[in-house]
Structures are given as structure tokens and as C-alpha cells.
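What follows is a single structure, written as C-alpha cells, with notes after it.
Predicted model, so just to flag it, every value in this text is computed and none were measured. Chain naming here is simple, since letters A, B, ... match the order of the sequence lines and numbering starts at 1 in each. Computed over heavy atoms, backbone and side chain alike; hydrogens, waters and symmetry mates excluded.
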Amino acid sequence: MTENVSTAGAVKAPSAPAKAGKGATVGIVVSAIVAAIGIALWMVQLSGGMVQTAMRNLDSWGLYITMFMFFVGLSAGGLIISSVPKAFGIKGFGGISKVAVMTSIAATIGAIAFVVVDLGQPVRMWELFAYSNLGSPLMWDIIVLMTYLILSCVYLWAQVQNEKGKVSHVALRVISVIALVCAILVHSVTAWIFGLQQSHEMWHTALLAPWFVSSALVCGTGLVMCTVIALNATGYLKVARENLVKLAKLLAVFLLVDLYFFGCDLLTEGFPAASGMAVVDMLVSGPLAPFFWGEIVLSVVAIVLCVVPQLRTTPLMVVAGICAIAAIFCKRAQLLVGGFQLPNIDLPAVMTPFTVTNWEGGMAQAYAGMVYWPTPLEFGIALGVVALAFLVLFLGLKFLPLKPAEQE
Amino acid sequence: MEEIKEGKGTLTRRGFFKTTAAVAGAAAAGTGLVTMAAHAASPTKGLPDEQSFVNTCRGNCGGKCVLVGKVREGKLVQTRPYDPPEGFERSRMGCVKGVTYPQRLYAPNRVLYPMIQRGERGSDNWERVSWDEAISYVADKINKAQAEYGPQSFGLWHSYGSEGWLNGAYHQSTGVGYHRFLNTFGGSVIIPGGDQAQVYMGFSVVQHGTNSTADYTNAKTLIAWGANVTETVRCSWPFICDARDKGARIFAVDPRYTITASGADTWIPVRSGTDGALILAMCNFIIDNDLMDKEFLAKKSVAPLLIKDDGQYLRMSDMGVPPTEGPLNPWTGKPTIINPEVVFDQATGELTSQFVAQDPALSGEYEYEGMRLRTVFDYVHDKTKQFTVEFAAKECDIPAEQIEDLARTYATNTPSTIVMAQGMCHHVNSRHNYKDLAYLASLTGNIDRKGSTIYLNKNHVNVEKTTLVTREMYPDPSMMKPYTPVCSERVPEILETGKLGQNDHPLKVIMIVSANPFASESGRQRYLETLKYLDCLVTVDCFMSDTARYSDVVLPVGLSFEQEDFLQISAHEVDFLMQKAVEPAGEVKSDFEIYNMLAPKIGLDGLYDKDAEGYLRALLDNEENKKIGRTYDDFKREGCIADWSEEPAIGTENNATRRVQFYVPHIVARDIAYTELPEEEKIPWYEHAMEAYQDNPLREKYPFFGNSEHSNYTGHSMYNNIPWLHEIWGDPYVMIPAKAAAERGIAENDMVRVFNDRGEFVARARLTDGLRYDSIVIPHGPQQDAYPVGHPQDLTLCYSDLTGNSSYNDFLCEVEKWEGGE
Amino acid sequence: MTRYVMVIDTKRCVGCNNCSMTCKVENNIPEGIWWSRSVTDGGEAELTPRGDSPDNMYMRFLTLACQHCENPACVKVCPVGATYRDEATGIVRQDYDKCIGCRMCMAACPYTGVRSFNWEEPKYAMDFATGDIDVPKHEKHVVEKCTFCYQRIAKGEVPACMELCPARARHWGDLDDPESDVSKALAGREYAQLLPEMGTKPSVYYLV
């Protein structure tokens, strides 16, 4: 992944020095420290073994892959918000375009880092390029994510250059179209890592890819909203309220679409009253109910806050944004754990500490609650990766000319 | 990169196909007499420094499977059951335990040095001492006790833990070291209780014939009676499956839905300890419905023999015909006396020798010189007709129709076989079952015929065998002294009272070999609480077993692959040299060496006139073996020699009457504390168990019938502390009926306390629907370290019936959720 | 072509785990890892039946290991080709030295639990390797599974689990050869495959 980091670094080089905000400096220092702690914990995980995580053979992915999905979602949202207006030549959301792309870059780096910390043999990552199995959805995702990261950087550079008049509007528009396609692709491919697997009842649905896009739009928009409001408050940039309202309305629409997809999926799973019913039961009243109802409630709250004009105050819009992000996180957790929560073969057999997270009580007890819950080490490493993403964001805010060229 | 490193050249594609083809060709050629030449101390197909050796796991299951051990760089890295040649796959040996032998050999809890207990017994306060010191210490204790209390004060206690003609310790069976010793010191020989109701009653008293396991394929009805063969006698399962494939009907009579039951057509969840009632009810149903095989009954069983009022047979000598001498008895060396029993011959209308009569009468009252005579059949039927189907239905708690179906099928869908292991052998009343079964089999002609027998565990009895010169097991007759056999279940009473029956019998020093009674005999608490009367307890063991831990001295002994020995196999009919594969661990010695060290120090000089190899040669190098290539050198070279056969062998009656004996007028107790036996001991009979019976008032307090299982993963207490087995089987568990557990608030895997007035233990709960509502199954095998509290054998009875049987299942108990330990 | 398959007779299998243990020792499998396991098709706990009366009890056993599918889900998703199908034998293999530990194959495999990951440095109760010396060394943080005892097949032997089944419930051979043990075992008997709806075409057949 070193390549990516250096690519990200490359963006920094041409950037004009920006006025360093005090807040950004504090952010950089704090996130750098947390990220460093995260890396130290990652070393602990690698040397002492991944046995220190809660992941086991029957629930072989956990918080890292959940966060990977989640961060991919965050990344795309920003880019889409930024590129759609340009691509279609419509009026945008004010001068937030570059910040939005910067959040995308930060989130993409976070997403890639989550894959890296999940690997058992990260030093063998070079094999991904040497022995690429182009049939593997994971390989697709790696390729698309790389492209996406580079493209985001190019897009950001192009916007900056455009402001300086060095890149034409047409060129920017072309780049934005490509970026938009890539953003949709990155979500679809991430969805296919799960959705193409016939082995997991919950994952195996054609809806998963579009649904991933809609979820990405929800949390991406939420993230952009929160970031913009925060930057607005610190005076980094000035955004007209009408643009925030526009964002909020858009968020509501995305949330409704996402819920609509959820409804479609639940109906499809549940209607035949066959094996898919297990998925519905697990979500509605089973071990994953807190995440299911969490998503529903948070989504509804966010929608209400976004559509009722009286509630569209700045603080409540932040609340709506956070609710939207949290709702999508709940979705990701459901999806990941839910995939493992319903084993194809749940017959009792030899259980060892490596079989499944809560192995001592046998199969029935292991699946009585959530089959997986992360260990503190996983939370620590995840926090470190999140900090890394923030570090990138803060660095961008501090050192890159992300402020609008002129207040619209 | 690849799974095989470059350079060995074994996994190239070309090599791949070539080797496959070569082996296919070789396999087709190999049948008939097969030896293990390729395995005997010669390089295998692997690396040159790998060698293979033949031995056995010595797991005391009766199987005695031949294991082929692979040694690499001085370590035993693999043990695999010897694979029979093509065409004899049904004779496969081995089980999940034998494969784990390397971990047993290198277990951390092995005893590697002689040790003396310096604290209280059981305090684990051990001091390592030299062999000299340990042997002198033990000899000193023995000499002192014998000087003060007489020879009987020293007891040699064995069970079935090890086998082998040199190092084994089977009473009246194998073990040169053991037998020379016990026939010379003239003290007490403590004999085990496990399974003795069956072993003594079946083999020594009733002495019925048995067919080979291969004969199961000929049966049309198979009743697995208290026999979970799929876990305990696996070698019989393929034959049962073959019978099933041919349409045989399989019953499983067991309180628990065992794996064997899952392969059966009908599960009969009989209440444990009531098998005798069920057998006798079947007998009466068969008689009442005229389903008998009267010809068999009259010609092949003791039914027509005439008895006098005193219950003894009328013999030809009673009618003035003097007895004649028969062939020599191999055990006593004296000729057998032939004095035939008398029957009424309906063909001639006269009383005559049972060997002469054409048509012996089954019923009727006769008289000879004022003596009232009646047939065994009349007598037995009269005495046992009270055990009706209705009685059994209540006693066994199963529907009457089921008993009738079982009886009718057994009697009519013939040939029928009762597949029996030791499940119906673990109650105080169990001793009757073997007379009952002989009665049932006689009534229907289901014994000593193709497809009909009442036992298992014998495989190919008709193969050519190695001849052993067994006199090598005994010392020079001038040295021999008689010993007193003492049943182990009687030991606590002897320690407490100093008496065996009416006679004084001080027991002060005990040496335990090849046994772990404090884990494996019933009534553990009684043993432990009476140890205080003992001056010295010595245990010879490979591991720090439950018994070793309560001893004063532990002498470390080797495991099978550490020493050379010889074994003939009962269940597989393969004779083999137990080859030494690795150097003994630590300072361990063989049993033979330990007797050699101890004997001269307790005044038994010159007891062993040969070394280990010398005795093996003396056993094997006789003319018969030279003719068929089975001398010591042959075995040394070949390891294992077998003449494979899966031809069914049919049993015959070799007892004195030459008939199936369900009536045993001359029965003598194995426990010599019993000098007189009541009439019921001589006939098929049923009495309820001593503690575990339905109307016992104690059931208000302790409602559960306890049963112990012999799991696939335990070899009694012999396969403990094996990490591989522990991974697969986990900690010991108590099987509880799901409904009963729910009533007690017990969930799967909860820790539960099982208890009665004698003791308690704690283990995890396993809930099941496949168990009678009034029964639980406790673990058997894991030792005290495996339980947070107590030991399963703390709950069981210490009681010696006439067979000295360990009554593992004759107890009541209650189960509750355990609140301690958190 | 050779297509090695296993045929397992569930009417004979008694769940004794001899095959599992033999596999464990032969392949020097580390603590806590089992490539082959006997699973109980019955009640909730191992070795217990389901049913509510003595007449309708049910318990069967299934030995479960890698199914060596003809259309393996794992091979498709491995990003570096560390898990691959050996076309000459039909065996699905795993290259420990290549595996990056992403566990994509574990997520993709429909046969729950047949693949396992070494979550820590492999541990052993004894300080020497058991079993066959040609077995590749186990590695930390990579995925492993049943190899059909490739090292034994290469020497012309059969997989370790095959020849030791005390119930004679296991058969092994080339399905493309009509004279093979497996072809004969399958002829005239009803058989099932695990999760056929997944379309993986397993090489393990269960006689029912």
C-alpha cells in the first residue's frame, strides 16, 4: 500500500501553502498520535497473532472488513456529491467540491488500510500484483480502489488547476464523469465481494451493488454535510445555508432510496417464507436486531430532520448527518455479521478455540447471540485506521488549497 | 512453494501417475498369508531414517489392535493400525485412541523415576529416589509385614491395564514376570471387579460357546443388548452392517439412544438393571406361545437333564455305572472324569446317559430308587414363570407389546444373535443375566448355530495359531506356594476388619500393577477411606494416575512401544511381536524387570532363570512353531504374522455337560468370602438391583438411575491427558434427559453437581432426548483432575457379589446446577 | 483424466472421528485445527439424537472436510491463486507460501468450517513433527485445509483417513475409472452431495 501513500503525498507537493488553522494542527497532531498507536497495536496483532482478534474460522471477517465497507461508502459519497453537479453541468452545493473530494481521498485511504490490517500476511501484498487472479472480486476491488484513489487525487488536482485556469472546464467535466463512473464502480465491486458469494444467504443478492451505491450516497452526503458545517463553523469556508439545505434534502432522498432497497430486500427474503426467513428473523428479532432497528430509527430521525423545514437548523443538520452515517454503519455491521450468523452447516462437531468466537458452549450457544463481537485490540487498530484517515483529511485541509477560490 | 519441497522429486506429474499405477498392480497380487516384512525394522518409502515397528496400544479394550509405529530421529511420530490385506477390510483394527499413541508416549504426566511419597497420601509431595532405594523400601515393607502378619499380608493387585506374555498381568492368563511372582510369594492376589459378572458367569460358570464376529452376517435378528458396539467393539460393526444390508432386523436394548441404536431398527429403552426381567419375560412368552425349538432344547441344552431333590444332577454313577477318565485338563494336568448326567429317553422309555439317549424328555416326573427326579426344564420353568411379560413391562418400563415383539422376532425370525458387551454387567443383580441368556438361547436354539450366538468379541477362532509353551509362565514346582485370591471389591472390608469372610486376613502391604482401581473400580470413596489401615501402598504405573497419587511409592513402568513382548490377539487373531521402537523414557523399566529386581529382595531368589528374550524364545521356539514359521526369529523379522480369514466360526459347548448350561448346580463363588450359595444362584433368575430399582424409597431423594458409559474417546482411565483427544472430546460431561434438565434449570454446558449419600462430582451437562427420563449417564475414564469437584466413582457402590463384580451402574443420584467455582 | 473422489457411507459411519484423528496426526496439524471432523446430524449437541419418542429418534453422522469441488468457490475468489485446483487430479490445493491471509476463500466456501486459518503461530503438544515427513510446514496467518493427503497420493497411497475407517464407510478412487472402488460404491446406491444448490460440484459423495 506504500504506493498509495506516496500517491497521496504527491498531491501535497504542488499544493500552495494554505493558512494553517490552529484546529487543523491540533487535529493533525492528535490523529497522528492515535494512528501511531494504531500501528503499534497492528504490530502487536501481527507478532502475537490474529488470535488476539475475535475473528475465527466460522466468522472469519470482523470489524476491519465492516469498516472497510463503511469507509468505501464514505469515500464515494463525497466524490459523487462533488462530481455529479460538474458532470451534469448543474449548479452545485457551493464551494464544497474540493473538501468533498478530500474526504473521499481520506476515506479511501482508510478503506485500503482496513484491508491491510485484516491481512494475515501483509508483507506478501506484492503478490497481489505479481500473481493477480483477475477473476477474484477482491482483485477487482483492489484495482478499482487504486484507480479510484488516483482518480480522486487527479480530480482534486484538476479542480485546483481549474481554479488557476490551467485546466479547462471541459477537461474537468470529463474527469468528473470518469470519477463518477469509478465511484459507482467502486461501490458495486465492493458489494460484489459479498454479493457474488452463493455461500451466504444474506449476501447473495443482485440488489447488493445498487444498494451499496445508495448507502454510500447516504453516508457520504452525511459526512460532507458534517464536514462542511464544521469547516463553516471554524471559518475555513463559508457555505450558504441554501446549499446546506440542498444537501439535507438530498440526504433525505438518498435515505429513502436506501430504505426502499432494504424493504425490497426484506420482502424478497421473507416472502417465500423459506430459508430467507432466517435472515429476516435474525434482523428483526434475532441477534442483529439492535443494528437493524438502530438503522431504521436513525434513518427515520435523519429523514425527519432533513425534510421538516423547522428542524433544519445547523446543529440538527449535524445530528441528521451523524444519524445517517451511524445508520449506514449499522447496515454494514448487519451485513458482515449477518453473513456469518447463518452458517450453512450448523451441525455440532469438534469445537476448538479457533472454530468460532464463542466456542466453549458449542454451536448452538455460539450463534445464540451475535456470533462475533470485536476485541479491544480490534477496536484499537480500527481507531488507529480511522485516525489515519482523519490525519490525511487534516493534512489536506491544512496544506492543500481546498478553500473555494472565491466565495460563491 | 509447493506442498512438497523441490528435490525429493515425488510430486512431479509424471511420478504421480507412475506410482499410482505401480501400486494398483501390486495390490491385486497380495492375498493369503500376509506378513509385515516391509515394516519390520526396515526403511519405509519415506526418508531412509524412518523405521516402522509393530506393537499395540495396550488400551485394555479387548481389541489389542496391531499398531504400526513410525520412528523418525528416535521419536515415535505416528501410530497407525495395521491394515489388513485386500479382501479383509472388515477385519480392520484401530480406533481414534490408538492413533494418538505418540502423545501418550510423550505425555507430560508420565512417571519417569521411582518416587516416594513424603507427605500424606494424595498430597502430591513426591521425592525422586533411585531404583535401589525404591525397591529396598518396598521390599523392607513387604518383609516386615510378612514377618509380623504372615504371607497373606502382602497383596499383589492387578487389573487389565497391560498385556503381553512377558510383561502382562492377567490373572491365570498372560505375563511371565507376573505369574512366576504370584505363584511364588504365597500371599494375597487381589483380582479385579470390572466386568466380572460377565467374565466369571459367562466364561467360567455357564461356559457357553461363542461364534466369531464374522458370523453376525448370518443372523436375521440381531439384538445389541447393553452393547454400544460402535464405540466399544468397533470391529463387529462392519459385520452387523453387512447383516443389515441383507435385511436383518436390529434391536438396541439400552437406556440410552446410543450410536449403535441409531443404526438399529428398534430402540428399546429399558430401565437399567432390569435386563434379567426382560430376558425371563421373553422366555415365558416363548414357552407360553409355543415358539420353542424343542429339539434343540432337548438335544443341546441341559433342559432334559434330571435333577434330584438336592438340585444335583442324577449321574450314571448314581445308577451304578462307574466314571471313566477323559483327556488331560491343560490347567491341572490331570485327566478329566467322565460321569454322564442322566435323562429320560422317550425312545426307549428308560433312564439313560445323556450321551446315549435318542429322544430326551423335556418334562415329566421320574423316580429312581426312591429318589424323586425332575427335568431341569420343569424345575427352571416352574421357578421362573413368575417373571411374566406384564411383570417385565412394569419392571423395565417398556410396553408389553414391545417385549412380545422382541420375543417373537427373536424366536421366529431366526437365526438370532444377541450382541452383548458389558452393558448389562454393571449391577449387583447382573450375575443372573448370563444364566438367563443361556436359557433364552436354549429355548429358541439361538446358540452354537450359524447366525446364532449370545456374545461378541471373538473374531476368527478357526485360524491357525502360534503355539505357546505356557509352562514357562510358572516357576519350578518346588518353588510354588498357593496364594489367596481376593476380590477387589472386598478389599476395603478386609482392611477395615482384618477378615476375609470368617477368616483372619490382615492385609498390610499392597502392590498394584497394571491397574488403576481408584479411578476404575466402583466404590472409590470406600477404597480411599480404608487406605489408612494399610502400611504401604506401591503402584507400578506409567502415569501419575488416581491410584498412583494415593500411593506411598510409585515405580515407573514402560509403555508398549518401549519394550519387547509378544501378544496373541483375541479380537483380531493376529499374532505379533511387540517390537521395541524407542528407548524408554526417563528411568522407566518393564514390568518384567521390576519383578526381577524385587524378587531376590523378598526371598524369592532364582525366580527368573532367563532374560526377557530368553523367555520369549522359550515360549515360541517349539517344534510346532518351527513347522509353520512362527518362532521368535520369525516374529522378530516379520513383526506380525496372520493367517487372514473372515469365515464365520461357530461355537460349541466345551463344558462338562457338553450342553448349553442355564442351570449350574455346582456354582462356586469367585469371591471366596461366599461359602454357601442359595438356590437362586443356580438357576436363571431375576432380582432387582441393590440400589438402582424403581421402588427404592431412596428415589424420592435421588430419582436418577446412574449409568456410566465407555466412550469412544476413553480407554477406561488409560487415555487421559492426550491433547488431541481432549480437543476432540473436551471435558467430561454428564448426559441428562433434556426434560429433566429443564425441570432443574440446567442448560447445555452448565456445570452440574451429581451426588448421592456416598459422594459427588461436578462436570458439564450435555442434554439429550435420547435417554430415559429417569436415567443419567456419567463419564468413565477421565481421572480426578478432570473434575472441579469429586470423582464419578465416588457415587458408586463398593459391594462384592459372588463374582466380585464392580457394580458401576447400581446407584441412584440427583443432579443440580453447580453454583461453585465462579 | 483422473478425478479423485471420496465416497462416504452415512449408514455405516458411526462418527468415531478415527479419520479426523488420523488426518490430524498424518498432517501434523497444529493444536485447535481439524481438517476433517465428524458432525452429528441429530440433536443440538454432539452425539445426541433428535426426536420426541423412542420410535422417532434420529441421529446420523457426516464426516466433513474440504469437498474438493469441481467448481470451487474458493479458487475463484483467491486474489493471488494460492488456492487452486490441480487439474490432473481434481484436488483443490492450497499454497501456504503464497497465501496472503485475506480469508476470502473462507468466506466464499459454502461448506462451513472446512477451511481454517492459523490464527497464531502453529502450536504443538510435542516438539517434533508427527506423521508424514513430506507434509508441508504449517504457517501462521495462512489458510489451510484438507489436501486429500496429496503427499500420500503422490506416493501411490490413499488419503490417511481412507484406509483406517473401522466401519468401512469410506471409499476412495478415480471416478473416471468405472472399475474403481468409488465407482462401484456409487453404483446402485442412493447418494447425496453437500449443498448441491451451491453449484460447486463437490468431489465427496455421501451414500444415504
| Portion of B:Arg244 that has a non-hydrogen atom of chain C nearer than 4.5 angstrom | side chain
| query | Under a 4.5 Å heavy-atom cut-off, does chain B meet the side chain of C:Cys19, its backbone, both or neither? | reply | neither
| said: Are the side chains of B:Gln103 and C:Thr130 in contact, using a 4.5 Å heavy-atom criterion? | reply: no
| note | If one checks every heavy atom of C:Glu44 against chain B at 4.5 Å, the contacting part turns out to be neither
| said: For C:Tyr58, which atoms come within 4.5 Å of any heavy atom of chain B: side chain, backbone, both, or neither? | reply: backbone
| message | What I want to check is whether the side chains of B:Glu727 and C:Trp34 have a donor and an acceptor closer together than 3.5 Å. | response | yes
| said: Shorter than 4.5 Å, heavy atoms on both sides: which option in C:Gly43, C:Pro54, C:Ala125 has the most such pairs with chain B? | reply: C:Pro54
| request: Return the minimal non-hydrogen interatomic distance between C:Lys11 and B:Trp237, and the atom names on each side. | output: O-CZ2, 4.4 Å
| note | Turns out that what part of B:Cys241 lies under 4.5 Å from chain C's heavy atoms comes down to both
| remark: For B:Ser262 and C:Arg60 the tightest heavy-atom approach is O-NH1, 3.2 Å
| query | So does C:Tyr191 have more than 12 non-hydrogen atoms from other groups sitting under 6.0 Å from OH? | reply | no
| Using a cut-off of under 4.5 Å for heavy-atom pairs, which of C:Leu164, C:Asp52, C:Thr40 has the most such pairs with chain B? | C:Leu164
| field | Engaged part of C:Ala160 at the chain B interface, taking heavy atoms whose separation is under 4.5 Å | value | both
| message | At a heavy-atom distance under 4.5 Å, which candidate from C:Cys165, C:Ala169, C:Ser38 has the highest pair count against chain B? | response | C:Cys165
| note | Turns out that what part of B:Pro723 lies under 4.5 Å from chain C's heavy atoms comes down to side chain
| field | Heavy-atom side-chain contact between C:Met21 and B:Leu725 under 4.5 Å | value | yes
| Nearest-0.5 Å distance that lies between atom CD in C:Glu26 and atom CD in B:Gln78 | 5.0 Å
| Does C:Asp132 pair with B:Arg72 as a salt bridge, N-O distance under 4.0 Å? | no
| Close side-chain approach of C:Thr48 to B:Asp769, heavy-atom, < 4.5 Å | no
| field | Separation between CD1 of C:Ile133 and NZ of B:Lys70, rounded to the nearest 0.5 Å | value | 8.0 Å
| request: Please report the shortest heavy-atom distance between B:Thr230 and C:Val14, naming the atom on each side. | output: CG2-CG1, 3.3 Å
| task | Could you tell me which portion of B:Leu771 (side chain, backbone, both or neither) has an atom closer than 4.5 angstrom to a non-hydrogen atom of chain C? | result | neither
| message | Please determine whether a side-chain nitrogen of the Lys or Arg among C:Arg12 and B:Asp245 lies less than 4.0 Å from a carboxylate oxygen of the Asp or Glu. | response | yes
| field | For B:Tyr101, all residues meeting ring pair (Phe, Tyr, Trp, His ring centres under 6.0 Å), sequence neighbours excluded | value | B:Phe561
| Any side-chain heavy atom of C:Met57 sitting closer than 4.5 Å to one from B:Trp267? | yes
| For chain C, the option from B:Thr79, B:Asp83, B:Ile259, B:Asn712 that forms the most heavy-atom pairs under 4.5 Å | B:Ile259
| query | Can you tell if the side chain of B:Pro102 reaches within under 4.5 Å of the side chain of C:Met126, non-hydrogen atoms only? | reply | yes
| B:Asp242 portion near chain C, given a 4.5 angstrom heavy-atom threshold | both
| Pick from B:Glu231, B:Glu89, B:Lys75, B:Arg234: which one has the most heavy-atom pairs with chain C under 4.5 Å? | B:Lys75
| Atom group of B:Thr258 that falls short of 4.5 Å from chain C, counting heavy atoms | backbone
| Do the side chains of C:Leu47 and B:Tyr733 get nearer than 4.5 Å, heavy atoms only? | yes
| field | Between C:Asn17 and B:Tyr713, a side-chain donor and acceptor under 3.5 Å | value | yes
| If you look at every heavy atom in C:Ser20 and B:Ile728, which pair is closest and at what distance? | CB-CD1, 4.3 Å
| Who among C:Met59, C:Glu31, C:Arg50 has the most heavy-atom pairs with chain B under 4.5 Å? | C:Met59
| message | Using a 4.5 angstrom heavy-atom cutoff, name the option from C:Gly42, C:Ser53, C:Gly32, C:Gly51 with the most pairs to chain B. | response | C:Gly32
| query | What pair of heavy atoms forms the shortest contact from B:Thr768 to C:Pro49, and how long is it? | reply | OG1-CD, 3.3 Å
| query | With only heavy atoms counted, which part of B:Glu748 is less than 4.5 Å from chain C, the side chain, the backbone, both or neither? | reply | side chain
| task | Grab the two heavy atoms, one from C:Met162 and one from B:Arg92, that are nearest each other, plus how far apart they are. | result | O-NH1, 3.9 Å
| NZ of B:Lys246: more than 12 outside heavy atoms within 6.0 angstrom? | yes
